[in-house]
Amino acid sequence: MSIVAENLSWGVRRKTIVSDVSLTVAPGETLGLIGPNGSGKSSLLRLLAGLRRPASGRVEINGRDIAQVPRKALSRQVAFVQQSAATDTNVTVADVVRLGRTPHRSALAGWSEADEAAVAEALDRVGMTSRRKQAWQTLSGGERQRVHIARGLAQAPQVMFLDEPTNHLDIHHQIEILRMVRDLELTSIIALHDLNLAAMFCDRIVVLQSGAVCACGTPEAVLTQQTLRDVFRVSAHIDGSADAGRPHIRFSAG
Amino acid sequence: MSSDTSEGGAGRLALFLCLSVVVLTLAVAAATAIGDYNIALRTVFLSVTNKLGLTGAEIAPIEQSVVWNLRLSRALVAALAGAGLAICGAILQALLRNALAEPFVLGVSAGASTGAVCVIVLGIGAGSLSLSLGAFAGAFAAFTLVALLSNGATSGPNHTILAGVAASQLFNALTSYIVTTSGNAQQARDVMFWLLGSFGGVRWPDFQLLLVVVIVSLAICIWMARSLDAFTFGDEDAAALGVPVGRIRLVLFGVTALLTATIVSMVGAIGFVGLVVPHAARYVVGPLHLRLLPACAVVGAVFMVIADIVSRVIATQQTVPIGVVTALVGVPFFAVILYRARPQT
């Protein structure tokens, strides 16, 4: 499922947050969105997922303008995983993943076998099957993130958007989550802070600066000393790492 | 739908609902039998079946009249009011994602009080119908103010609750101002009594109106129950699950306001039912709204009917305002919620 964004702009009051962004994502691709704080990563992600309406420009998913697609139909194609979602309600892991079936169910329809199968498969995919009856409140940060990804998977989407899914996780869980997302047969678009993780797991990377795309391409092409200096204001040394085409960044303390 | 919930959930819900309906029937019967003048349960039963044309038993006309014209309508209105307030509480707790939300956080009761006071003290209009209309108008004025202040409740739960607090303060101040500057002692007493709620004076037409409003509201809410579940992790998350957030929120806030305003205009501002009952019901049937809403309706109904009985028997020769009874039960419960919701250290 391909995604095409054309000249997207969005802002709050007079402040422009996303300005004239165009990009294309190929089916099955894992695209990383990187950029400093306030560069518009989260906002762009929401525009692409159809959670916000652009002030101008358009987003097409599989050739259809998403502004023309009803909310519910869109949610059967597109899943969005927020960063550190939380609730006070006492729900179980299975309850949360079942919410992912919301766009597939009519108001009073019963719980179908297809729904149950989708939930079971999603839980299995993130390795949380044995925890399905556990209270969500008692999960660790990494487990909650996995449950939310499972919920996204239960939507049976073709595209998944993830907003900094590795925030607050230890390095093991960061790598585990991103490996899991990369291995899904989905088009995925991930906003990330950690440049090395972006280099390790993304097919292509878009670098945002002040709401505009300032570089786009393979990790090797994008993560250069000059980009790091100009956009992220750090000096760094870049190694060709063990994996071909996956640069490794060593920041210098200056 | 059995796997829609935790294991064995549907059976438990069905059992719970059946039990509650039985308890509700008994409570209504008790409420009809108990009073200054006690009437035997058998007489209550026969009066009702007589009226429905099922039996032709000999019953003293006075008892027949007390049962049918005074107590049964009162008990049924109490049941509906309890059900309605509990549903409103459950809806608002879900939409505002706040465990302490209840119908009156949106300033609806304060607005209704101001409207009622305008009628009682300033004498705008006359008679009980205009008292209800005044309360209804006040409730809706408060709701509109909150909707404007919170930008149609799109500015986030805390913002909406703050707007409700502001509206409550404003309308309470207006009420006090009107009472202190224009009222006499008797009017002040009337107002206070009305504010604390009373089922005295409700009749069959009230029941019929409230029955329609409660059934329609409950039907709309159950229709949207799945969408309410999707609000568990917030508005944006609900949108990502395909829920038309703006429309659902508008409709459900509207239903809540209409239901609360109707109830308040009939029986006054009865607090704490909307807060207490959803928590109790959630404890038994879990957080999913397709189960929670019917459970709230029956538990709220039972709670209110029993509170009404208590209010009539707790002090001899007089009726304690129903709001006093619900608060006496509600406040300790509120304290428990606060205690349990405290940050874990």
Side-chain angles (χ1 to χ4, degrees), chain A residues 42 45-46 49-52 69-82 84-96 98-113 115-116 119-120 132-133 135-137 144 147-148 151-152 154-155 157 160-161 163, chain B residues 1-10 90 93-94 96-101 157 219-248 278-279 282-293 337 340-344:
Chain A
S42 289
L45 207 61
R46 281 164 176 75
L51 291 171
R52 281 183 193 151
V69 181
R71 183 71 260 165
K72 196 168 171 175
L74 188 62
S75 301
R76 289 193 285 260
Q77 301 177 353
V78 172
F80 186 90
V81 179
Q82 321 182 42
S84 41
T87 183
D88 291 334
T89 313
N90 190 15
V91 285
T92 64
V93 167
D95 287 336
V96 175
R98 283 190 189 115
L99 284 177
R101 298 305 292 169
T102 307
H104 294 271
R105 305 173 74 188
S106 62
L108 300 174
W111 183 251
S112 71
E113 278 177 24
D115 292 329
E116 189 57 39
V119 167
R132 59 180 294 147
K133 287 184 197 162
W136 185 86
Q137 304 283 359
R144 289 180 183 189
V147 169
H148 272 263
R151 200 192 70 177
Q155 282 175 251
M160 190 180 275
F161 294 92
D163 191 5
Chain B
M1 212 152 44
S2 64
S3 46
D4 200 8
T5 56
S6 32
E7 260 42 44
Q93 285 168 12
L96 297 176
R97 299 216 297 143
N98 189 316
L100 303 179
I220 293 174
C221 295
I222 285 182
W223 182 256
M224 296 185 165
R226 289 262 162 72
S227 306
L228 269 178
D229 292 338
F231 279 85
T232 307
F233 290 93
D235 290 4
E236 186 176 67
D237 206 53
L241 288 171
V243 172
V245 171
R247 197 174 76 213
I248 298 273
H279 286 291
R282 215 174 273 122
Y283 190 76
V284 182
V285 301
L288 296 179
H289 288 87
L290 212 51
R291 299 146 52 77
L292 181 62
L293 292 172
I337 295 171
R340 291 189 48 172
R342 73 197 187 284
Q344 304 290 323

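To find a chain, count down the sequence lines: A is the first, B the second, and so on, and within it residues start at 1.
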**Complete:** Closest non-hydrogen contact found for B:Pro287 with A:Asn90 is CG-O, 3.5 Å
**Contacting moiety of B:Val245, where chain A heavy atoms sit under 4.5 Å** = neither
**Request:** Determine the option with the most heavy-atom pairs under 4.5 angstrom with chain B, choosing from A:Asp88, A:Asp115, A:Leu99.
**Result:** A:Leu99
**Message:** Measuring from atom CZ of B:Arg226 to atom CZ of A:Arg101, what distance do you get when rounded to the nearest 0.5 angstrom?
**Reply:** 11.5 Å
**Request:** Between chain B and each of A:Arg76, A:Arg52, A:Lys72, count heavy-atom pairs under 4.5 Å; write down the option with the most.
**Result:** A:Lys72
**Which portion of A:Ala86 sits near chain B, non-hydrogen atoms under 4.5 angstrom** = backbone
**Item:** Over all atoms of both residues, closest heavy-atom pair of B:Leu241 and A:Ser75
**Value:** C-OG, 3.4 Å
**Spatial distance of atom CZ (A:Arg151) from atom CZ (B:Phe233) [nearest 0.5 Å]** = 6.5 Å
**Donor-acceptor contact below 3.5 Å, side chain A:Thr87 vs main chain B:Thr232** = yes
**Message:** Between A:Leu51 and chain B, with a heavy-atom cut-off of 4.5 Å, which part of the residue counts as in contact: side chain, backbone, both or neither?
**Reply:** side chain
**Message:** Looking only at heavy atoms and a cut-off of under 4.5 Å, which of B:Asp237, B:Asn98, B:Asp229, B:Val243 has the most pairs with chain A?
**Reply:** B:Asp237
